Enquirer: 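Pasting a structure below so you can have a look.
Here, residue 1 is the first one in the sequence, and each next residue gets the next number. As the structure is a computational prediction, the values presented were derived from the model and not from experiment.
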Amino acid sequence: MQQILKHQSRGPRRMGMSHRQTSWIWLWSWLCFVSAGSTAKKAYADEPVAPSVTSAPVAPSEPAAPSAPSEPVAPSVPSEDASEEPPPSGYSSDGGKLRPKDAVPFAGVVREKGSRDPIANVRVTITPWKELPPDPNAKPGKKAKPRGEATGDPVEISTDAEGNFSIEDLPPGTYQVILRSSQIQRTESIETLAPGKKTTITYYAPKKQNQFEVVVRAEPLKKEVSEQVLSVQELKRIPGTQNDAIKAVQNLPGVARAPFGGGLLVVWGSAPADTRVYADGVQLPRIFHFAGFRSTINSEFVEELSFKPGAYGADFGRGLGGMIDVTTRSPKSDRIHGSVTLDLIDGSVTLEGPVTKNLYVAGGVRVSWISVFLPLFNRSQFQVSPFYWDYQLSLRYRPTKADDIDVFVFGSTDNLEARVSDPDPAINISLDSRQYFSRARIRWTHRFSSATQLIVMPSIGGDVTRFDTGDGGVGTVQFKLEGLTLGYNLRAELRHRVAPWFNILGGVDFEGSRSSFEVVVPPVPPGGGGSSGETNSQASGSAITQLGSVRDSSVLHIIRTAPYAIARFDLLDRRLTISPQLRLETAYIRSYDGDVSRTVFSPEPRLVISGQIVPKYLMLKFGVGSYSQLGQPQELNRAFGNPNLDPQRGTTYVAGFESEPTSTLLIQGQFFYKDLRSLIVADPVLKYTNSGLGRVIGGDFLLRQKLWKGLFGWLAYTISQSERRSSPQDSWRLFRYDQTHILTAVASYKLPWWGIEVGVRFRYVTGGLYTPTLGAIRDTLTQTWIATQGSPYSDRLPDFHQLDLRFDKTWEFNRWKLGLYLDIQNLYNRQNAEQIAYGGRQNYQSSLVTGIPFFPNFGLRADF
């Protein structure tokens, strides 16, 4: 036939065939074609076939006429259609998979055990399974793992963003279901699918035991020469932090230990007032409650914490010390979540979840009861009765895919009563302190494109401070203070990626405040004098009496505006980064009656350079920056301070290195030098002046091991020397908060049995400085002894060292989980000296005031 078709253009005569032969060949070909068409559709063994239908009998036809004798015919060649192989079992001729006759739908959702959070991208493997009898050699009394073997090929699918998966064409029977993901432990289950019944199962998979989560963030537009970014889960279980993530910042390199372990932050030798703390860019007036037991923001609302000890970017300023930025998290959007935490210090409750498809809300409250248990552990004559509570409310709304609107409202209340009873009235102490603050901010984020983003964030808040020593006072001297501050702020920032190697950022940082005071205080500034923490040496030793006490009621307005710009150049295939920055700080100061009205201007250039010398193994960093800081409102007050004070100024230089020899090991260190000028110090004539000078030199080192085979920890060491002088004519002396050596070792390990985590923290710190008392003279008017002091801060207390221990155990249930922890502070009950007290005739007696002794804090936490 092929030959005929091939040569049909030549005609039958040219092929040597007669017309009769040609006609028979064409007829035979047509019959073969019809026969092939009638058998083209075939039924396979695994395909359902319709039952055959019997037709009515057909009458026999007339006998056909005898045909002519046939002639030889060329053998036929099979066509391409006739040579096709039948499709494989379970598939149709067009390649589609056939659904079994009795297929059963099977669906499921994968959630994290305990929290019930949906888990995306989980590989679900479904294998036909045959169960086998138990192993006869298995140990009696021990729960044996089900035995079985596969009876068919597995099917694998993945969960979607909500943790769901489904498959529609499984025949009834028994199946093994295996769940695998980088987030969860391998989970197995045996399921039986019944005919005619849809099966839907919720799987609760245990999360992998990595409580120290690594925060992976997009590369920031600006880079800091010295910065530590730690996640909440990494911080909450550090011993001694009492389950508080923000409190863990006190264990980082460069942070000195505050007296009594309180809430003061002394960073790189600067005064506590020099370090600013923010929550999403809004300044916090206080980061800790009384004595640093708890931070004023519940850790349940914190996503991560960024600590920058110095030489930070131009988007922040108004401080000569370090900077802490607490990033709050968005409420969960999948369902209702909650937690309850109770321990000997306080209790907290949180609740969060979606309200509508695009609106999510979270709220929490915490109340303390430490005053009930503290007397059981504190046997000293210094007794305190603290009470605090705080609240948080967070909302997030997404009107469009390009816009986010989130609101955060939070506040804190601290009440403290303290008593020191002693036969000597000179050291009697009676005080009542009450402090409140609240903040509300709204943040709008708009993404013009993947390269351009705008953030606008206004905020408002108020602070109330009341302090009263009562009739007993401090050493028979009364202090009274009532202050009210109203703050209104705005932060706006535009970020743009011009090219892969060039980024720019510009914004404005505005802060306004109205502060009112009603005060009754002695004429000499008490204690350390100015916000720099220093007292002019000419004023030291002056008597504090009630004669000529100053009373005042005043109002002060301070408006600060700072536009800033940051550029970043990534050169040499991102191995070299150069970031020039500029901040222009302007402050307007005005009293209520208009007697004081002036503007001060402070340009603050900054520069950050980092170079990747050896990828992963060695990066060198350098930073330099100029910073300024206004005096506190009370220092600018006309009655108690000096409204003509200039801003304090400082320049910080940092040079460091960073190395990651392995994926879990980080080594870094830096050397720093700070040149401080125009520091505010107390003065007996002008009350305050800008005559102070300061310098700090030192370095810190961090060896950090991320979670590796159940072990996590770090070793931080800081060596520094911080010096001050009250005027250029004075000699240098040690700063009152100077601590030469600071060593902190933190380690946590998950034991291979019982699921218990154990952590330890050891700290060694050089003893704090104090001004010795050499004797006393008698004041015949007040009948009290007036101390005669030696050189300011010329003696040290004994060195501080302490060991803390923590145990954690968590039980996970399908829909909730329960955790217990025991946090033991000062395990070997070290009597660490915090202060020295003098008393008796001519102050010939002295004793050490020790800090908090052995204190075990037991708590529980439930999450649902």
Enquirer: Sub-3.5 Å donor-acceptor pair from the side chain of Asp244 to the main-chain atoms of Ile246, do we have one?
Expert: yes

Enquirer: Would you give the length of the straight line joining atom CG of Leu618 to atom CD1 of Ile667, rounded to the nearest 0.5 angstrom?
Expert: 10.5 Å

Enquirer: Looking at every non-hydrogen atom in both residues, tell me the closest pair between Asn489 and Glu511 and how far apart they are.
Expert: OD1-CA, 3.4 Å

Enquirer: For Trp268, which of Tyr312, Tyr627, Tyr673, Phe672 qualifies under ring pair (Phe, Tyr, Trp, His ring centres under 6.0 Å)?
Expert: Phe672

Enquirer: Let's go through Phe701 and Tyr717 carefully: what are the C-alpha distance in whole Å and the side-chain angles of both, what is the deciding distance for ring-ring contact (aromatic ring centres under 6.0 Å, His included) to 0.1 Å, and is it a yes or a no?
Expert: CA-CA 5 Å; Phe701 174 81; Tyr717 173 68; 8.3 Å; no

Enquirer: Yes or no on side-chain contact (heavy atoms from CB on, under 4.5 Å) for Val302 and Ile297, after CA distance, side-chain angles and deciding distance?
Expert: CA-CA 8 Å; Val302 178; Ile297 296 183; 4.0 Å; yes

Enquirer: Working to the nearest 0.5 Å, report the span between CG of Asp325 and CD of Gln283.
Expert: 11.5 Å

Enquirer: OH of Tyr564 to CG of Leu505: how many Å apart, nearest 0.5 Å?
Expert: 5.5 Å

Enquirer: Between Glu585 and Arg318, is there a salt bridge with N-O shorter than 4.0 Å?
Expert: yes

Enquirer: For residues Val266 and Pro272, report the shortest heavy-atom separation together with the two atoms involved.
Expert: CG2-CG, 3.9 Å

Enquirer: Can you list the residues that meet the side-chain hydrogen bond (donor to acceptor under 3.5 Å, both in side chains) rule with Asp463, with sequence neighbours excluded?
Expert: Arg439

Enquirer: So Pro772 and Ser794, do their side chains get closer than 4.5 Å, heavy atoms only?
Expert: yes

Enquirer: Step by step, work out the side chain to side chain donor-acceptor pair (under 3.5 Å) result for Gln581 and Ser579.
Expert: CA-CA 6 Å; Gln581 308 175 19; Ser579 179; 3.1 Å; yes

Enquirer: Ignoring hydrogens and angles, state whether a donor on the side chain of Ser731 or Arg733 is under 3.5 Å from an acceptor on the partner side chain.
Expert: no

Enquirer: Taking the side chain as everything from C-beta on, heavy atoms only, tell me whether Arg257 gets closer than 4.5 Å to Tyr764.
Expert: no

Enquirer: Above 12 or not: heavy atoms from other molecules or residues under 6.0 Å from CZ of Arg649?
Expert: yes

Enquirer: Hey, is the main chain of Gly775 close enough, under 3.5 Å, to the side chain of Thr773 for a donor-acceptor pair?
Expert: no

Enquirer: Taking Glu660 for the side chain and Leu666 for the main chain, is one N or O donor matched with an acceptor at less than 3.5 Å?
Expert: no

Enquirer: With distance as the sole test, does Asp738 use its side chain to make a donor-acceptor pair with the main-chain N or O of Phe735 at under 3.5 Å?
Expert: no

Enquirer: Nearest heavy-atom pair of Ala716 and Pro253: which atoms, and what distance?
Expert: CB-CD, 3.8 Å

Enquirer: Under 4.5 Å between any side-chain heavy atoms of Thr740 and Arg796, yes or no?
Expert: yes

Enquirer: Who pairs with Thr744 by side-chain hydrogen bond (donor to acceptor under 3.5 Å, both in side chains), at least two apart in sequence or on another chain?
Expert: none

Enquirer: Is Asp804 salt-bridged to Arg806, cutoff N-O under 4.0 Å?
Expert: no

Enquirer: Just by modelled atom types, is the Ser678 backbone N or O under 3.5 Å from a matching donor or acceptor in the Asn690 side chain?
Expert: yes

Enquirer: Measure from NZ or CZ of Arg724 to the centre of the six-membered ring of Trp732 and say whether it is under 6.0 Å with the direction within 45° of the ring axis.
Expert: no

Enquirer: Any salt bridge between Asp414 and Arg294, counting N to O under 4.0 Å?
Expert: no

Enquirer: Looking at Arg677 and Asp675, is any side-chain nitrogen of the basic one under 4.0 Å from a carboxylate oxygen of the acidic one?
Expert: yes

Enquirer: State, yes or no, whether a side-chain contact exists between Leu848 and Leu797 at a heavy-atom distance under 4.5 Å.
Expert: yes

Enquirer: Does atom OH of Tyr617 have more than 12 heavy-atom neighbours, drawn from other residues, nucleotides or ligands, at distances under 6.0 Å?
Expert: no

Enquirer: Look at the side chain of Gln739 and the backbone N and O of His741, then say whether any donor-acceptor pair between them is shorter than 3.5 Å.
Expert: no

Enquirer: On a heavy-atom basis, which atom in Pro792 and which in Thr771 lie closest, and how many Å separate them?
Expert: CA-OG1, 3.4 Å

Enquirer: Does a sphere of radius 6.0 Å around CZ in Phe671 hold more than 12 heavy atoms from other residues, nucleotides or ligands, not counting ones at 6.0 Å or beyond?
Expert: no

Enquirer: Using 0.5 Å steps for rounding, measure from the OG1 atom of Thr850 to the CG atom of Asn832.
Expert: 8.5 Å

Enquirer: Is the shortest side-chain heavy-atom distance between Val746 and Phe762 below 4.5 Å?
Expert: no

Enquirer: Quick one: does any side-chain atom of Asp799 pair with a main-chain N or O of Gly767 as donor and acceptor, under 3.5 Å?
Expert: yes

Enquirer: Give a yes or no on whether a salt bridge exists between Glu723 and Arg725, defined as a side-chain N under 4.0 angstrom from a carboxylate O.
Expert: no

Enquirer: Please lay out, stage by stage, how Arg568 and Thr577 fare under the test side-chain contact (heavy atoms from CB on, under 4.5 Å).
Expert: CA-CA 7 Å; Arg568 195 184 82 185; Thr577 299; 3.6 Å; yes

Enquirer: Hey, what do you get for NZ (Lys247) to CG (Leu305), rounding to the nearest 0.5 Å?
Expert: 14.5 Å

Enquirer: Test side chain to side chain donor-acceptor pair (under 3.5 Å) on Lys674 and Thr651 and set out the steps.
Expert: CA-CA 6 Å; Lys674 301 175 74 170; Thr651 304; over 6 Å; no

Enquirer: May I have the step-by-step check of side chain to side chain donor-acceptor pair (under 3.5 Å) for Ser628 and Glu604, ending in yes or no?
Expert: CA-CA 8 Å; Ser628 66; Glu604 300 175 5; 2.5 Å; yes

Enquirer: Examine distances only and state if a side-chain atom of Arg606 and a backbone atom of Gly313 form a donor-acceptor pair shorter than 3.5 Å.
Expert: yes

Enquirer: So which atom in Thr664 and which in Gln705 form the shortest heavy-atom distance, rounded to 0.1 Å?
Expert: OG1-NE2, 2.9 Å

Enquirer: Go through the steps for Arg598 and Asn644 under the test side-chain contact (heavy atoms from CB on, under 4.5 Å), then give the verdict.
Expert: CA-CA 9 Å; Arg598 65 192 187 96; Asn644 296 315; 4.3 Å; yes

Enquirer: Do Leu636 and Asn642 come within less than 4.5 Å of each other through their side chains, counting heavy atoms only?
Expert: no

Enquirer: Check the pair Asn503, Phe569 against side-chain contact (heavy atoms from CB on, under 4.5 Å), reporting the backbone distance first and the verdict last.
Expert: CA-CA 7 Å; Asn503 301 272; Phe569 300 90; over 6 Å; no

Enquirer: Any idea which heavy atoms bring Leu645 and Tyr688 closest together, and the distance?
Expert: CD2-O, 3.7 Å

Enquirer: Strictly distance-based, threshold 3.5 Å: is any side-chain N or O of Thr275 a donor or acceptor partner for the main-chain N or O of Gly321?
Expert: no

Enquirer: So how far is it from Tyr278 OH to Leu284 CG, rounded to the nearest 0.5 Å?
Expert: 10.0 Å

Enquirer: Show your working on side chain to side chain donor-acceptor pair (under 3.5 Å) between Arg761 and Asn251 and close with a plain yes or no.
Expert: CA-CA 9 Å; Arg761 179 184 68 168; Asn251 300 290; 2.8 Å; yes

Enquirer: Under 3.5 Å, side chain of Ser691 to main-chain N/O of Ser727, donor-acceptor pair present?
Expert: no

Enquirer: Consider salt bridge (Lys or Arg N to Asp or Glu O under 4.0 Å). Of Arg560, Arg276, Arg491, which one does Asp509 pass it with?
Expert: Arg491

Enquirer: Between Asp274 and Gln629, does any side-chain donor sit less than 3.5 Å from a side-chain acceptor?
Expert: yes

